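Each remark here refers to the structure printed beneath this line.
Remember, predicted model here, so these are calculated numbers, not experimental data. Residue numbers begin at 1 in each chain, while the letters A, B, ... track the order of the sequences.
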Amino acid sequence: MPELPEVETTIRGLALHLEDRILTSVRTMRPDMRRPFPAGLGQTLVGARVTGLGRRAKFGLIHTDRARTLIFHLGMSGRWRIDPETPDKHDHLTIETETNRFALNDPRRFGWVDLVDTAELDSWPSFASMGPEPLGPALTPAYLKGALAGRRQAIKLLLLDQRIVAGLGNIYVCEALWRARISPKRAGGRVSLAALERLVPAIREVLEQSIRDGGSSLRDFVRPDGELGYFATRFDVYGRTGQVCRREDGGLIRRFEQGGRSSWYCPRCQR
DNA sequence: CGTGTGCCCTGACAGC
DNA sequence: TGCTGTCAGGGCACAC
């Protein structure tokens, strides 16, 4: 599913074809989205020029010269198809420029779209209380120490909380904790500063490596150009139940449930 | 405020 | 082959 590296890969792929282009058509295909499309999407955006693309946490941003930004979330099965040869029943929103056609395709419809004033992006509900970007300068061991102080919840669950760090999902939290040798079960307030000094670079490295590899192609994720990312083949713990730990410490990867989601870790080296 | 639970949705896959 | 059940995941509403 799309996490931060997949959204980043998507944004970069879209930027190649959308930046500085005029939108000639914007159409929504179905009314029964989990969250309805904002009214007047077409009227507002047709004729607008795309000034740039961006990302905040796992949200994609398409900025236009009409002081409006189109925000999209890919949910768990969303992707943008570029120049699709045939329409698909899960294409929910299509955008055209003079040279290309784009379809937001999302079988499970967990994703959604909104249109907001660019000047008010920071106060958009989902952004208003978000924590720092994991790849930005504000995520430091000292910041995390403060954010986790006194918290009894497991570090795994706290790292998924977008108010603490904005953009981490299940896969990369599991992977980063393995790299930092921290147990996902450890209470947030009991993670030492030394461990956080391993965790922050671990988060950055796993995300950056995945972006370099073009996003993982777990299940239904495909890059906008249709090529598969291949980070999935490099997972150290995610989905590796029963397999040997890559640290070759004799540990076997275990799966268990936290907050209704699966966690994987090596009980030997993650403490 | 912190914490825990359940819902939304479809397709892939396992097992019979 | 065809059916049934299970699972995946992010964000948010809601209860305590």
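- The NE2-P distance, from A:His73 to B:dC8, rounds to 19 Å in whole Å.
- Judged by a 6.0 Å distance limit and a 45° cone about the ring axis, A:Lys156 is not positioned over the six-membered ring of A:Tyr265.
- When distances are taken from the side chain of A:Arg108 to each of B:dT10, C:dC12, B:dC8, the shortest belongs to B:dT10.
- Neither OP1 nor OP2 of C:dG11 sits under 4.0 Å from any side-chain N or O of A:Ser126.
- OP1 or OP2 of B:dT10 has not a single side-chain nitrogen or oxygen of A:His90 nearer than 4.0 Å.
- If you find the closest nucleotide of DNA chain B to A:Arg152 and to A:Arg34, the one lying nearer the 5' end belongs to A:Arg152.
- Side-chain N/O atoms of A:Arg21 and A:Thr99 include a donor and acceptor closer than 3.5 Å.
- Distances shown here put every side-chain N or O of A:Gln153 at or beyond 4.0 Å from the OP1 or OP2 atom of B:dG2.
- If you take CG of A:Leu160 and P of C:dG11, they are 9 Å apart, rounded to a whole angstrom.
- Side-chain N/O atoms of A:Arg109 and base N/O atoms of B:dC9 include no donor-acceptor pair closer than 3.5 Å.
- Nucleotide C:dA13 holds its C1' atom 11 Å from the CZ atom of A:Arg35, rounded to whole Å.
- The shortest distance between the side-chain N/O atoms of A:Arg163 and the OP1/OP2 oxygens of B:dG2 is not below 4.0 Å.
- Between B:dT3 and A:Arg151, a contact under 4.0 Å exists linking OP1 or OP2 to a side-chain N or O.
- Per the geometry, CH2 belonging to A:Trp124 stands 10 Å off P belonging to C:dG11, to the nearest Å.
- The interatomic distance linking A:Asp106 (CG) with B:dG11 (P) rounds to 11 Å, in whole Å.
- Contact annotation: A:Ser77 side-chain N/O to C:dA8 OP1/OP2 distance is not under 4.0 Å.
- With distances taken from any side-chain atom of A:Pro107 to the nucleotides B:dT3, B:dT10, B:dC8, the minimum falls on B:dT10.
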Item to complete: List the steps and the verdict of side-chain contact (heavy atoms from CB on, under 4.5 Å) for A:Leu93 and A:Met29.
Response: CA-CA 6 Å; A:Leu93 169 70; A:Met29 321 300 280; 5.8 Å; no
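- The interatomic distance linking A:Phe59 (CZ) with C:dG11 (C1') rounds to 7 Å, in whole Å.
- In this structure, A:His73 and A:Trp112 have parallel ring planes: the angle between them is below the 30° cut-off, well short of the 60° mark.
- Contact annotation: A:Lys89 side-chain N/O to B:dT10 OP1/OP2 distance is not under 4.0 Å.
- Counting to the nearest Å, the P atom of C:dG11 and the CG atom of A:Leu4 are 10 Å from each other.
- Following rounding to the nearest Å, A:Trp112 (CH2) and B:dC9 (C1') show an atom-to-atom distance of 14 Å.
- A salt bridge links A:Asp32 with A:Arg109; the closest basic N to acidic carboxylate O contact falls under 4.0 Å.
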